[in-house]
Amino acid sequence: MSTDAANKTGKPVTLDAFDTERIKADFPILQEQINGHRLVYLDNAATTQKPRVVINALIEHYRKNNANVHRGLHTLAERSTEGFERTRAHIARFINVPDTGEVILTKGATEAINLVTYGWGEHNIKPGDEIVLTEMEHHANFVPWVTLAQKKGAVIRRIPITVCGHLDLSDIDKIITPKTKLLALCHASNVLGTINQVAELAKRAHEFGAVVVGDGAQAAPHMTVDIQQLGVDFYAFSAHKMLGPTGVGVLWGRRELLENMTPFNYGGEMIREVGYERITFNDLPWKFEAGTPNIADVVAFDEALTYLEDIGMDRIRAHEMALTKYALERLSEISGIEIQGPQDVESRGAAISFTDPTIHPHDISTFLDSRGIAIRAGHHCAQPLMRTLGKVATARASLYIYNTESDIDALYDALLEMRKYFGV
Amino acid sequence: MSTDAANKTGKPVTLDAFDTERIKADFPILQEQINGHRLVYLDNAATTQKPRVVINALIEHYRKNNANVHRGLHTLAERSTEGFERTRAHIARFINVPDTGEVILTKGATEAINLVTYGWGEHNIKPGDEIVLTEMEHHANFVPWVTLAQKKGAVIRRIPITVCGHLDLSDIDKIITPKTKLLALCHASNVLGTINQVAELAKRAHEFGAVVVGDGAQAAPHMTVDIQQLGVDFYAFSAHKMLGPTGVGVLWGRRELLENMTPFNYGGEMIREVGYERITFNDLPWKFEAGTPNIADVVAFDEALTYLEDIGMDRIRAHEMALTKYALERLSEISGIEIQGPQDVESRGAAISFTDPTIHPHDISTFLDSRGIAIRAGHHCAQPLMRTLGKVATARASLYIYNTESDIDALYDALLEMRKYFGV
Amino acid sequence: MSSNLDDMYREIILDHFRSPRGKKEVDRADISSDGQNPSCGDELSLQVEMDHDVLKDVHVSCRGCAISVASASMLAETIKGKSFEEVKALAETVKKMLKGEPTELPDDLGDIEALQGVRQFPVRIKCALLAWVTLVEGMKSYENGHAGHTTVSTEDGNGKTEK
Amino acid sequence: MSSNLDDMYREIILDHFRSPRGKKEVDRADISSDGQNPSCGDELSLQVEMDHDVLKDVHVSCRGCAISVASASMLAETIKGKSFEEVKALAETVKKMLKGEPTELPDDLGDIEALQGVRQFPVRIKCALLAWVTLVEGMKSYENGHAGHTTVSTEDGNGKTEK
Ligand SMILES: Cc1ncc(COP(=O)(O)O)c(C=O)c1O
Ligand SMILES: Cc1ncc(COP(=O)(O)O)c(C=O)c1O
């Protein structure tokens, strides 16, 4: 982090300590009261809060630079285009990709994965082919593939999970085989927290010529993601889960694959020439970006990436590991609370799912909310995993850069209070 | 317009005069200087500027209410969901639709049309079927259908245009026939300005059981759109062209059609139950809204609609007609300038395309920009129309609520200056 | 400011949650209906023994949140001994009450009235409705002379519609 | 503050725009190449008469913006009488200059240097390049012994890549 840059933008400048209080101050919403209590926001796996710099970038864009991109020859259009493409280049650097043409801007991780299903899967998955998923996929990386398999007569194979919530690789040789055409897996689970060995599995799948899709929605916000080290062919994530605005997602894909894919949405900007008989498509990445994009939010996402980089992804990971460790310990102190996913913080992220033996996760969430604590409760868009876990729902506290031990303590205290309230 | 509401939000309160200066003051960017001149923004068909209330709604959302929607049981999630669904209900009222479940939020008009191509067209267009388009379609309502026709072996039929830029309906009986499966047409053209007789053509197409898609991208921002009067089956438009943020679009569709369509994107929120063998989908409209939507921008779009309603769509139309008339007159004063599209303002909107006999539209645009005037130049994503017009590109000035006669005068003066500058 | 909270989880509701009524199995299940809220994971199973057109005995077992459990328990307590028509009317009233539609609340609504606080928590309305929707489906099927189970699944997670 | 504007439309450029060089048809079109920028609608047609490895005569006609017209005119003026290798090297230099990549500008660049101001207008770079890209494609085809036309279409509207 350059101290200079940090000073300019009013971002935290301490290099040594992870100054969470300082970070908290950068997030206007964290100064709010909810139901008479300070907001303790522990629903970060659903979406994160936005620092002032990101909100300001939005305001700035609409107050000073707003225009449609790409085709304009006036000053505002140039500024908008420049801001838009600047973010694309920044994303490429953020995930260590040299070719910005491989970075496609979508409306979210979900759309990014669907783009692969339509653009690649539709033409490459044949009857009898096998698609390998894991048992811990989010619906976004599950429903598109199962639907495709049904349509194409392909077979879904699943990598099971161990009782500890890791992928169970003991039978992997029988799951990833010459029949495997595609491996789609999350880099980190939004329910269990588990961080998967994507690089190792990608290598294995590549031995059989399969294509590998990494769902990075829960990884990109929390750790250094180096596409070249991961060795996947596609990688998807969402800006709104990493301090950015809603409505922006990223699909990174290998150029050779993207170039041979059919477009997804058709319309303006993605074409080169249009006639009644013949339509030719634009170069990457615009081939996949039909219509007016979400310009302002893409422009503002640049600031989110800068904010994360200024802190440093490795430091973010270290902070979350320490905090997750603390949270796991405190929750274990409450008798009966059952925690899902790995216990060792090295192999997991900061999404912590848990259940109470008698109080339904929805009641937990509603009660905690009355104490200003925001968590999520439900199936977390992972119904297949829920079935494996034998749960209909879990409560989930998920942490981020602005969370502190005192947030965990507030959760702990409120859970005890809740027990009393429900009289169980 | 309730004067009360207007006072509260600082919006224009005069009911009688269309107080453009007052309106201008509501748009921060219009106070900016561009290349040393006041900004004269005449690129509204590409995207409009945003009033303070819309920008403030964004800030407010991120500062006070931000969370993911639908599945949350905490206060912020409830607020976000409420704001999100409030906009949906507002859109339904805005286009006079009683069933909010028929209003699907997309990332733009382009995606809205693609949703119909994938969800309806893919399963209903058969070899030999005819798809009727007009010669004035934007690529967004052209490329998806031509691509679909190519894939399915269907035939594209086109309604030609007259020299005045209206649809030429003299042979319509031979174009819309029992073979017609689909009629897709713009409600207003982004190049010619022409407002098409959608209701009449929809009726004709319905006689043969065809489905009718209206592209309202250039109509919804400028006039009262009453879906029930139009009698179409689908209608698409974009928020960013009507004071709203980028990244939000609307597809309205008839419930019977939407219910029988396959989903488009697959993922979270659009499902009911997910298993390896069976997946069931959510009710309308959520069936078509996979993944985290563009929450903040949808929430803020509500304010854009209110702003438009407070002025009144009929008054907006009247203002634009008067201003278009003035602009057409002034431009005609410049010898050699060729104006496209209808000359009578009753049958046209406020997008005015023109060309100079020797100066290329890009040079026009660049020159005008040096005088602070933003117009667009190029093929306006309507290459087929350009070919019909025998042009490779046009310059386009497109007007909106904040434009004034003095903006037109600035354009006029600058065009004369330009002639001198290029020495032609 | 957790007044809302106490509005929803009134003491009566918590009491039903802690010790649900209707646990005892029925002798003969003339009506048998299962219901679920997939998005919540609430699961409910309900049997009714009929005596001519009277709901003679009810068994209900619900695995779910406090609201769905309490609502099921209240249902069991209330409908026993009521006629088919009475129960149908009651179900309509409860639905309207929960959705905030105008309706006269009968005097014999009993504990059920306590569910009104749920209205402030839109996502929970379907939890309170689950038992009633499941019952009504079962009754419809019985009326139409269908034997065996019915299965009801409420809508998915938006608290806006149900079917 | 229209200093930028004058940077792009330098007097030399406007002069080439007003009276483009290379209008005269060539006697024999050894190289014949068409180019276009679909997004701008610039259209260019170019013929070269070769004398051994020297570009003896050039005809170019361009319908497009001031930049593409002027650039084509300058090309016609500059390459006449140069060798194949010289022109190739020159094309490389012009490309680099326009894209802002580091390159030595030769002394005999002439009017072409005036195109540097275009760099500040990224969407226009492809207009300035059109003639050069079209020429280079034609030369490649000639080198490979292909007869007839070549047709080049630059990228669509983003000024970032061309092919
Ligand atoms: C007539 C018409 N249809 C469709 C569109 C596409 O809208 P968007 O780019 O917002 O998807 C436009 C916008 O340029 C348009 O003018
Ligand atoms: C693991 C995982 N994948 C994909 C998604 C989908 O992201 P979005 O809803 O932003 O499209 C999520 C978000 O919930 C997620 O947690």
Side-chain angles (χ1 to χ4, degrees), chain A residues 28-29 32 34-35 43 46-47 49-50 55 58-59 62-64 66-68 71-76 107-108 110-111 114 139-140 143-144 146-147 156 238 240 245-247 265-268 271 273-276 279 290-292 294-297 362 365-366 369 374 376-378 381 383-384, chain B residues 28-29 32 34-35 43 46-47 49-50 55 58-59 62-64 66-68 71-76 107-108 110-111 114 139-140 143-144 146-147 156 238 240 245-247 265-268 271 273-276 279 290-292 294-297 362 365-366 369 374 376-378 381 383-384:
Chain A
I29 205 171
E32 292 290 309
I34 297 289
N35 295 318
D43 193 16
T47 200
Q49 298 305 337
K50 319 305 170 198
I55 303 173
L58 277 175
I59 306 174
Y62 283 128
R63 294 182 74 106
K64 297 217 150 62
N66 177 60
N68 212 324
R71 291 186 183 286
L73 292 128
H74 55 78
T75 303
L76 298 178
K107 66 175 174 176
T110 301
E111 192 191 33
N114 277 272
H139 292 164
V143 183
V146 172
T147 308
I156 296 287
S238 286
H240 72 91
T246 51
N265 284 309
Y266 295 85
I271 52 83
E273 269 193 281
V274 175
Y276 287 87
I279 294 171
T292 304
N294 188 356
I295 304 165
D297 291 328
H362 286 181
S365 174
T366 302
D369 182 55
R376 192 135 296 228
C381 294
Q383 287 182 354
Chain B
I29 205 171
E32 291 289 310
I34 296 289
N35 294 319
D43 192 15
T47 200
Q49 297 305 337
K50 320 304 170 198
I55 303 173
L58 277 176
I59 305 175
Y62 283 128
R63 294 183 73 106
K64 297 219 149 65
N66 176 60
N68 212 324
R71 292 185 182 288
L73 292 128
H74 55 79
T75 303
L76 297 178
K107 65 176 174 176
T110 301
E111 192 190 32
N114 277 271
H139 292 164
V143 182
V146 173
T147 308
I156 297 287
S238 286
H240 72 91
T246 51
N265 284 309
Y266 294 87
I271 53 83
E273 268 193 283
V274 175
Y276 287 88
I279 294 171
T292 304
N294 188 357
I295 304 164
D297 291 328
H362 286 182
S365 174
T366 302
D369 182 55
R376 191 135 299 227
C381 293
Q383 286 182 355

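Numbers restart at 1 for each chain; the letters A, B, ... are given by sequence-line order, proteins then strands.
- Across Thr147(B), Asp297(B), Thr246(B), Thr366(B), the residue that shares the most heavy-atom pairs under 4.5 angstrom with chain A is Thr246(B).
- Here the side chain of Asn265(A) pairs no donor or acceptor atom with the backbone of Glu111(B) at under 3.5 angstrom.
- Only the side chain of Ile34(A) comes within contact range of chain B, with at least one heavy atom under 4.5 Å from a heavy atom of that chain.
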Check the pair Leu76(A), Ile29(B) against side chain to side chain contact (heavy atoms under 4.5 Å, CB included), reporting the backbone distance first and the verdict last. CA-CA 10 Å; Leu76(A) 298 178; Ile29(B) 205 171; 4.1 Å; yes
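- Annotation: ring pair (Phe, Tyr, Trp, His ring centres under 6.0 Å) contacts of His74(B) (sequence neighbours excluded): none.
- Chain A forms the most heavy-atom pairs under 4.5 Å with one residue out of Thr75(B), Val146(B), Ile156(B), and that residue is Thr75(B).
- Contact of Gln49(B) with chain A is made through backbone and side chain together, with heavy-atom distances under 4.5 Å.
- Across Gly378(A), Ala374(A), Gly108(A), the residue that shares the most heavy-atom pairs under 4.5 angstrom with chain B is Ala374(A).
- A heavy-atom distance below 4.5 Å is not found between the side chains of Ile55(A) and Leu58(B).
- Within the 4.5 Å cutoff, side-chain heavy atoms of Val274(B) are placed close to those of Val143(A).
- Between Cys381(B) and Gly268(A), the shortest heavy-atom contact is SG-CA, 3.8 Å.
- Looking at Glu32(B), its side chain never comes within 3.5 Å of a backbone N or O of Lys64(A) through a donor-acceptor pair.
- Side-chain atoms of Asn68(B) come within 3.5 Å of backbone N or O of Ala46(A) as a donor-acceptor pair.
- With a 4.5 angstrom heavy-atom cutoff, Ile295(A) touches chain B via backbone and side-chain atoms both.
- Pro28(B) places none of its side-chain heavy atoms less than 4.5 Å from the side chain of Tyr62(A).
- Between chain A and the residues Ser238(B), Ala290(B), Ser365(B), the largest count of heavy-atom pairs under 4.5 Å involves Ser365(B).
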Full working for side chain to side chain contact (heavy atoms under 4.5 Å, CB included) between His139(A) and Ile271(B): CA-CA 9 Å; His139(A) 292 164; Ile271(B) 53 83; 3.6 Å; yes
I would like to know whether Thr292(B) and His240(A) meet side chain to side chain contact (heavy atoms under 4.5 Å, CB included); could you show each step before the answer? CA-CA 9 Å; Thr292(B) 304; His240(A) 72 91; 3.4 Å; yes
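- Within the 4.5 angstrom heavy-atom criterion, atoms from both the backbone and the side chain of Asn66(B) approach chain A.
- Under the ring pair (Phe, Tyr, Trp, His ring centres under 6.0 Å) criterion, Tyr266(A) pairs with Phe281(A), not counting sequence neighbours.
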